[in-house]
Protein chains: 2
Amino acid sequence: MTPALITLDWGTSSLRAYLMAADGTVLDRRASGQGIMALGGATFPGVLAAVAGGWAHAHGPLPVLLSGMVGSRQGWVEARYAPCPAGLADLAAALVDVPDAPPGFGRVAVVPGVLKDEEAAPDVIRGEEVEVLGALSRLRLSDGLFVLPGTHSKWVRVREGAIATFSTYMTGEVFAALKGHTILGRMMGDGGFSPDGFRRGVEAAAGLTGGAGALLGRLFSIRALGLTGRLAEADSADFLSGLLIGAELMDATRGHEPFTLVANPALTERYEVAATRLGLPQARAPDGCGPAGQFAVAQAAGFI
Amino acid sequence: MTPALITLDWGTSSLRAYLMAADGTVLDRRASGQGIMALGGATFPGVLAAVAGGWAHAHGPLPVLLSGMVGSRQGWVEARYAPCPAGLADLAAALVDVPDAPPGFGRVAVVPGVLKDEEAAPDVIRGEEVEVLGALSRLRLSDGLFVLPGTHSKWVRVREGAIATFSTYMTGEVFAALKGHTILGRMMGDGGFSPDGFRRGVEAAAGLTGGAGALLGRLFSIRALGLTGRLAEADSADFLSGLLIGAELMDATRGHEPFTLVANPALTERYEVAATRLGLPQARAPDGCGPAGQFAVAQAAGFI
């Protein structure tokens, strides 16, 4: 098949590049550690040329679509936020061209993030919106609740093919801060995954009543469980992980809604185990939602 | 008045010592930075002799009551936990004498902590139980909900003069970990207290619906408020403080119960401001609850 498009998912610490045919088939791929905060003295055009210049040289001046943190204020060019609801046409209409595309490429443009513009509790997303739109494409869905687990888990609600609203849960980063920088971490080993500790943490989350503050009131029980000989040191880190992920799942699904897991194989299993324990129906999106979403945006923007 | 008792509130990083008359009047007091984790090469008997030896020399072999972390596993002698419900008589019956009291003193004994022995969510307290019993004594109360704000806030429910149950909220330590070790801290200055930021955080807590996980889902809005120009950097640390303290207050009081603040003047004002904003009735205990509680335990134990 003839190459027709280059896409880059360009994040903070790494990037992935794809060469695609006009029907979205991925023909070739590259990866690099040159994320936008890890350029190592190189320039944005320089990194694009180094990663994808061979493709351009071989196949002519292909258009390039960039998504992820490359569109943030610290990125190549700032592509601000499209407001919710945001579908393919909205993202395509808000693409921002880089001012200094390297020679040999066609149009080089960046996908905007998405803004939930609520006065009291706004939220932003950048990169994950493309993956969710890719999941819609791959699953042939136009509605649903999707989660991208991570340092910041993104829960995205889709209606009629557009991102209707979303919420960021800082679960992974809160876990790391609590484990690394509070008294809870003192009793936590660095051993392997403890399924039993994780399961008990999820069950603790399921048993939480009361409001948001209940989490602040439950954390210390991890230490007290240890002091009273009811929780082994080797289990306590994953107890905390289960407690936080369980609380996230219960809140984000309101305790009953089905959802689809997108990307992040390392964390997907934890979310599946926790959701099953909590009786929450869930499905896993196929691999490749990222490039599928980039292709869909590029197509909506007339790149192909 | 004739001195009849020496008490020490001996914590992790400091200690306070009191010389008391037989009616509980505080006749003299000392403070030292030699907390149990800051002995600086000295021994426990040596520190007691250095701090209170002058009193013993002047007034004869007075009995000594110690409370706080000095009774933990890392302290002078381990005085384990009295189970809930725990009143004065229970603590008095569970005192543990030190094996090596320095010469010139009478009986030297340590107050135990208190254990909430719930299988799934146990909790422990050590030192604060004495302050709460002191607050009961000073306020002539035998029932109520008391909070000792701190790195770990302790919410203590008293019934018929005894500690019926309690809950630890890791609010202060969670605040420090989130400010110091997550992306939220990047936009936080180290300026003075921002009443406006704090008030907005408390209001955000009041608006939280959903379960415990709602807190994980609300934290990132602090960053998004900053990104969208709705929250100044100078306000954001106290916004987080207000969010966490507000969530703690709403959960611990179930949104309506009156409570009494004990000790910690620095934090008391924040809790008062937040409680007022949330419509929660509250009172402030008088100073001196610590020594008043130690006196009450000593009296119950027949020291005087």
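Chain A is the first sequence line, chain B the second, and so forth, proteins listed ahead of strands; every chain is numbered from 1. Computed from a predicted model, the values in this text were never measured in an experiment.
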Portion of A/Leu243 that has a non-hydrogen atom of chain B nearer than 4.5 angstrom: neither
Between [options], the one whose heavy-atom pairs under 4.5 Å with chain B are most numerous:
{"options": "A/Gly246, A/Ala214, A/Ser221, A/Ala212", "answer": "A/Ala212"}
{"options": "A/Leu231, A/Ile183, A/Thr151, A/Ile245", "answer": "A/Ile183"}
{"options": "A/Leu178, A/Leu184, A/Ile222, A/Thr209", "answer": "A/Leu184"}
{"options": "A/Asp117, A/Leu249, A/Thr228, A/Leu208", "answer": "A/Asp117"}
{"options": "A/Leu115, A/Leu225, A/Asp123, A/Thr182", "answer": "A/Thr182"}

Is it the side chain or the backbone of [X] that comes within 4.5 Å of chain A heavy atoms, both, or neither?
{"X": "B/Met250", "result": "neither"}
{"X": "B/Ala121", "result": "both"}
{"X": "B/Arg73", "result": "side chain"}
{"X": "B/Glu119", "result": "both"}
{"X": "B/Arg254", "result": "neither"}
{"X": "B/Leu219", "result": "both"}

Top residue by heavy-atom pair count (under 4.5 Å) with chain A, among [options]?
{"options": "B/Gly211, B/Ala177, B/Gly210", "value": "B/Gly211"}
{"options": "B/Ala205, B/Ala224, B/Gly207", "value": "B/Ala224"}
{"options": "B/His152, B/Arg230, B/Glu248, B/Glu118", "value": "B/Arg230"}

Report yes if some heavy atom in the side chain of [X] is under 4.5 Å from a heavy atom in the side chain of [Y]; otherwise report no.
{"X": "B/Leu227", "Y": "A/Tyr81", "answer": "yes"}
{"X": "B/Arg223", "Y": "A/Thr168", "answer": "no"}
{"X": "A/Leu215", "Y": "B/Leu216", "answer": "yes"}
{"X": "B/Lys154", "Y": "A/Phe220", "answer": "yes"}

Take atom CD in A/Glu269; do more than 12 heavy atoms of anything else shown fall under 6.0 Å from it? no
